[in-house]
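Notes for the one structure printed next.
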Amino acid sequence: MKDQDLNRTIDEITDSNPGHTTASAIKYIGLGLFFVGLLVFLGSLMMNDYKLTNQVLQKSIVGDEQQSQSSAQGGSGGGASRAGKSKKMIQLSAIEAEVQPMLGKTYTSQFAFISDLRTALATADETLTNENKMYSYQQGQYLMYITKAAGTGFLSDNLWLLFWLSIGLGCFGALMYFLPKLWLTLPGIQNDHIYHNPATKGKTIGIIMGSLLIGFYVVLYWYPEYIANWIAMVDPISYAIKGEEASQWFLYGLLYTLAIVVMGVRMFIKYRHSTYHMIRTGSVMFFQTAFAFLIPEILVALNKPYFDFKNIWPLHYDFFYDYSLNNLAGSGSLGLFMLVWGIALIIIGVPVFTYFYGKRWYCSWVCGCGGLAETMGDPHRQLSDKSLNAWKIERWMVHSVLVLVVIMTAGVLYTYWTGSSNVLGVSTYTVRSWYGFAIGSVFAGVIGVGFYPFMGNRVWCRFGCPLAAYLGLVQRFKSRFRITTNGGQCISCGNCSTYCEMGIDVRWYAQRGQNIVRSSCVGCGVCASVCPRGVLKLENGPEEGRFNEPKAFTITDDGIEMNKEMAA
Amino acid sequence: MHLAIIGNGVTGTTAARYVRKVKDWEITVISSETEHFFSRTALMYIYMGHMKYEHTKPYEDWFWGKNDINLVYDHVTDINIHKKELKLRDGSPIGYDKLVIATGSNTNKFGWPGQNLDGVQGLYSYPDLKLMEENTKDINRAAIVGGGLIGVEVAEMLHSRNIPVTFLVRETNYWDNALPKEEAQMVNREIRRHNYIDLHLETYLKEILADDNGRVRAVVTENGDKIPCQFVALTPGVHPNIELVEDSDIATNRGILVNHFFETNHEDIYAAGDCVEFTDAAEDAPPIEQLWYTGRKQGEALARILCGERKKYDRGIWFNSAKFFNIEWQTYGGVPPQLPEGIDTFYWEHDDGRHSMRINFDEQDRAISGINVMGIRLRHMVCEQWIKDGKSLEYMLQNLGDVMFDPEFSEKYEHAIIDYYNQLNPDKEQLKLKRERGLFDIFQFRNKETA
Ligand SMILES: Cc1cc2nc3c(=O)[nH]c(=O)nc-3n(C[C@H](O)[C@H](O)[C@H](O)COP(=O)(O)OP(=O)(O)OC[C@H]3O[C@@H](n4cnc5c(N)ncnc54)[C@H](O)[C@@H]3O)c2cc1C
Ligand code: SF4
Ligand code: SF4
């Protein structure tokens with residue numbers, strides 16, 4: 001092209017780009033639709049009345065038992081399930097006695113309904129003998145399932161419609177918001193205005209988002225009855241996949257997967273210039289959808305144990321729990337395979353893969369927590385704390401959790417083999433339930449995801465995940481993975497450190513010509529992408545030369561010594 | 001012993017840090033731009049919202065206290081060479097035993113009419129950036145005058161805010177006083193690929209016009225075009241900042257004159273970084289080095305000299321890099337815009353016109369003398385070693401796998417490059433890649449040399 005032809009004037013450029021306005025319009029319509037979806041989703045919590053009947057009680061407490069009992073008759077689980085049933089029948093009649101005043105009454109407020117029901121369940125529990133007690137866990141389950149089944153009205157009559165208008169519209173709107181960037185931006189690093197945008201710089205909108213997420217987790221874990229409408233909304237999907245009604249975990253799994261997929265599409269668009277990011281994003285989308293979501297549900301539909309083949313102890317902290325081991329042991333050769341597979345991943349998979357590729361093979365290619373962090377969490381990656389202090393706290397915390405999970409699991413196994421639940425005067429059940437509450441729910445869920453807009457997208461992975469600690473130890477001491485620093489090309493700009501989600505001060509190493517070998521690095525590769533000078537490269541190579549000397553001069557007792565490369 | 005350093009840029013800071021590693025002297029760094037050392041190279045990213053100012057500080061604020069380096073946030077107004085004392089604008093004078101001057105650069109201005117109007121500025125310092133933030137609020141067109149590395153950064157900055165830019169550049173192709181023609185033309189194309197940027201090559205600024213309030217209203221080119229705009233960035237390069245010593249006994253020319261030991265004409269006064277001019281520069285080396293990398297290297301070498309090992313500064317095999325919008329550029333060894341006598345060049349460009357590799361080599365023994373890559377990353381250490389060892393063009397091409405530094409899974413250009421060579425040289429021995437970086441190379445079992 002001749003120079004003159006290229007030399008377009010500004011007016012021509014703006015005029016010749018009518019797609020620009022259309023694309024922007026699509027983008028903002030998408031954003032609007034997303035918010036409409038979000039509002040419908042929140043609003044749907046109020047779109048039902050609640051009416052308790054005997055059938056509702058029957059269905060919620062013993063209902064599904066009938067089917068599963070008939071199919072499990074020949075199996076070893078039959079006896080247990082029969083016993084469970086008679087226990088449930090006893091519980092049912094106790095509850096029936098207490099809910100008499102509620103029967104037939106139509107509640108317009110779910111709060112009133114839940115409050116009455118909660119009292120009734122608690123009173124019923126007091127009438128039960130010890131071996132038939134529901135305790136708080138079972139009460140919580142009944143509370144949610146009964147509330148869900150008691151729902152009647154607009155939402156119950158229009159489950160699919162509301163699903164599409166809320167979750168469906170939200171996903172669609174979000175995609176509409178992301179797609180126009182294909183036309184609005186050129187492929188390349190797209191961090192413009194991140195620190196001008198109130199959603200990503202850790203201010204107002206970020207606080208609202210964080211609060212919503214935290215609220216969601218608190219309700220999901222401890223008060224699922226209040227989101228019974230949402231769970232009801234995904235019932236049709238649950239029936240389609242596994243022929244059973246949905247639990248709060250099914251809802252969570254579905255939303256989690258959708259978040260990874262939709263935000264994964266955003267990643268595809270944002271990083272379309274980088275094959276590395278495209279492939280690893282595709283990988284977490286695949287592992288979440290297939291391994292974490294569909295396969296376990298299908299296994300359940302086939303009456304096999306629920307099993308996530310890519311989840312590894314100690315992240316999968318209940319892998320060695322008695323019920324889990326019994327479940328696998330009682331599931332024939334498939335169960336046995338699952339058991340062996342799970343153990344093989346811990347003792348062979350982790351060290352071998354980490355030796356060759358670093359912990360990234362798991363943390364940013366396979367893991368579900370990592371998957372969410374790398375997709376939904378990507379807009380918040382810059383908020384991680386890079387200070388030396390944060391690094392100190394991180395090492396203490398993450399390794400403490402590792403020690404804790406080992407102790408907890410050892411106790412659980414001790415109990416499993418010896419039948420004694422007391423170790424040094426402490427009940428292994430108490431330890432295990434505290435671990436589940438404090439680490440499994442509060443840390444991994446509420447803080448891990450809820451704090452994205454405050455402390456970056458890897459709060460859990462960095463400060464809490466015991467598997468990350470284990471992978472990290474291998475990565476630090478016996479691995480071929482490193483981020484190579486390209487000689488003296490670093491200009492200390494700070495992009496790498498700013499965008500490291502693990503809070504690694506990458507620049508500290510890069511500017512002194514030193515390779516980055518850090519146990520916490522999840523190998524997301526973003527530091528290498530945002531570096532404007534091509535200084536960083538994630539690679540696997542021989543262990544020799546992995547910890548290179550800083551390229552500047554070294555100080556010894558005898559004086560100062562230029563390193564070879566610099567002496568030239 | 002009290003070491004005083006004027007300027008907390010990369011040069012002064014590096015010198016202070018390395019002296020601290022060896023000596024327990026009192027060290028004071030005096031600077032008036034920012035309280036702490038920050039990365040000037042990242043100014044553009046603050047404007048574009050990639051980072052905040054805090055992120056550009058390479059060391060946390062506690063670092064200085066912990067390393068016992070005194071920071072004085074003040075401006076030095078005078079050096080009393082006889083009393084060995086520095087006069088400060090605000091604080092009381094500071095004495096010294098040894099002094100390092102590392103005052104950096106200032107923006108060039110060529111005496112254009114209107115160059116001091118409101119809304120006309122250069123971009124070198126943090127205050128400049130804040131001024132630019134003010135100056136570009138609510139404007140609908142800007143002009144950039146001068147095309148170098150800072151010019152293209154300013155263009156990218158304004159582009160991030162969708163401010164239309166008229167970009168006036170004297171050269172025939174962008175920065176072709178440093179880049180060979182093909183690469184310079186690639187930069188032209190990359191700039192023009194972005195909306196709202198109107199690049200005028202071979203265009204000279206005549207004057208800048210003011211409105212009634214003394215603010216810029218338009219720029220006029222030498223061929224008489226008048227382009228309305230509310231902001232003008234002057235980016236025709238920088239010159240050593242010698243304001244402080246201009247009228248003193250310390251010898252200056254364009255910069256503060258030093259030998260390769262950073263010694264000025266006064267004992268115990270050293271100078272380094274952007275502000276110096278070497279009196280004994282080699283013929284093919286520029287007497288003034290105005291880069292981040294050279295500032296750092298000079299700071300290191302100076303620290304050594306201050307600590308008593310009087311070893312001549314040698315910047316080693318030249319290297320540099322930059323980014324023109326989305327195209328990264330790296331260079332190793334010498335790749336001058338015009339081919340020197342006795343040197344030949346091999347230039348490959350990808351069909352997409354956005355990736356290229358140039359290798360300059362000696363016509364006689366075919367030893368490589370310089371490498372230029374656009375849109376491709378190379379290993380610094382390998383390039384340096386090959387140039388030092390005088391490896392031939394053919395050696396380099398056959399061993400491209402060892403020098404490529406692009407991310408895993410990215411497109412591999414080695415085959416295209418070597419095929420192109422074979423095509424150009426049908427009667428020479430046809431080259432073959434020694435090492436394939438294939439799919440299995442993500443495992444890199446065979447890679448012996450990585451760093
Ligand atoms: C926008 C921009 C982008 C750049 N990008 C690159 C790049 O990508 N790669 C590259 O290699 N180079 C780049 N450079 C050049 C590089 O930043 C400089 O070469 C380098 O910073 C010079 O360092 P220095 O320490 O010598 O001086 P400076 O960094 O200029 O430090 C000197 C300091 O001394 C202070 N000072 C001066 N006089 C006094 C006084 N009398 N009293 C007190 N304090 C005083 C100044 O305020 C200043 O803070 C870039 C420059 C700019 C402006
Ligand atoms: S160091 Fe780089 S690759 Fe590792 S976690 Fe941080 S940004 Fe990701
Ligand atoms: S992003 Fe690159 S140039 Fe900037 S500090 Fe990090 S390694 Fe250095």
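First the proteins, then the strands, lettered A, B, ... as listed; each starts at 1. What's counted below: heavy atoms across the whole structure, side chains too, no hydrogens, waters or symmetry copies.
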Seminar exercise, completed: Most heavy-atom pairs under 4.5 Å with chain B, out of A/Gly188, A/Ser387, A/Ser497, belong to A/Ser387

Exercise. Have B/Arg377 and B/Ser321 got a donor and an acceptor in their side chains that come within less than 3.5 Å?
Worked result: no

For this session: Using the side-chain hydrogen bond (donor to acceptor under 3.5 Å, both in side chains) rule, pick out the option among A/Arg546, A/Glu539, A/Lys537 that qualifies with A/Thr484.
Result: A/Glu539

Problem set entry | B/Gly49 to A/Tyr499 - nearest heavy-atom pair and separation | O-OH, 4.4 Å

Exercise. Quick one: of A/Met278, A/Gln511, A/His193, A/Lys386, who has the most non-hydrogen atom pairs under 4.5 Å with chain B?
Worked result: A/His193

For this session: Please look at A/Ile491 and chain B and tell me whether the side chain, the backbone, both or neither of the residue comes under 4.5 angstrom of a heavy atom of that chain.
Result: both

Exercise. Does any heavy atom of chain B fall under 4.5 Å from the side chain of A/Val535, the backbone, both, or neither of them?
Worked result: backbone

For this session: Establish, yes or no, whether a centroid distance under 6.0 Å links the rings of A/Tyr195 and B/His55.
Result: yes

Seminar exercise, completed: Given B/Ile376, B/Leu43, B/Asn320, B/Thr14, the one with more heavy-atom pairs under 4.5 angstrom with chain A than any other is B/Asn320

Problem set entry | Greatest number of heavy atom pairs closer than 4.5 Å to chain A - which of B/Ser160, B/Ala42, B/Pro58, B/Ser39 | B/Pro58

For this session: Let me know if B/Arg40 has heavy atoms under 4.5 Å from chain A in its side chain, its backbone, both or neither.
Result: neither

Seminar exercise, completed: The interface call for B/Phe63 against chain A, heavy-atom contacts under 4.5 Å, is side chain

Exercise. Of the options A/Asn540, A/Val517, A/Leu538, which is the one that meets A/Arg482 in a side-chain contact (heavy atoms from CB on, under 4.5 Å)?
Worked result: A/Val517

Exercise. For the candidates B/Leu291, B/Thr56, B/Ile46, B/Val10, which exhibits the highest count of non-hydrogen atom pairs separated by less than 4.5 Å from chain A?
Worked result: B/Thr56

Problem set entry | Any side-chain donor near an acceptor of the partner, B/Tyr332 and A/Gln489, under 3.5 Å | yes

For this session: Please state whether the side chain, the backbone, both or neither of A/Arg507 comes within less than 4.5 Å of a heavy atom of chain B.
Result: side chain

For this session: Only one of B/Arg354, B/Lys323, B/Gln185 passes side-chain hydrogen bond (donor to acceptor under 3.5 Å, both in side chains) with B/Glu190; say which it is.
Result: B/Arg354

Exercise. Would you say the side chains of B/His159 and B/Asn162 form a donor-acceptor pair under 3.5 Å?
Worked result: no

Exercise. Is any side-chain heavy atom of B/Ile163 closer than 4.5 Å to a side-chain heavy atom of B/Arg141?
Worked result: no

Exercise. Between B/Lys57, B/Arg161, B/Met48, B/Gln330, which has the largest tally of heavy atom pairs under 4.5 Å with chain A?
Worked result: B/Met48

For this session: Select, from B/Trp62, B/Phe325, B/Tyr59, the one with the greatest count of heavy-atom pairs under 4.5 Å involving chain A.
Result: B/Tyr59

Exercise. What part of A/Leu388 is in contact with chain B, defined as an atom under 4.5 angstrom from a non-hydrogen atom: side chain, backbone, both or neither?
Worked result: both

For this session: Can you tell which part of A/Ser274 gets under 4.5 Å to a heavy atom of chain B, answering side chain, backbone, both or neither?
Result: neither

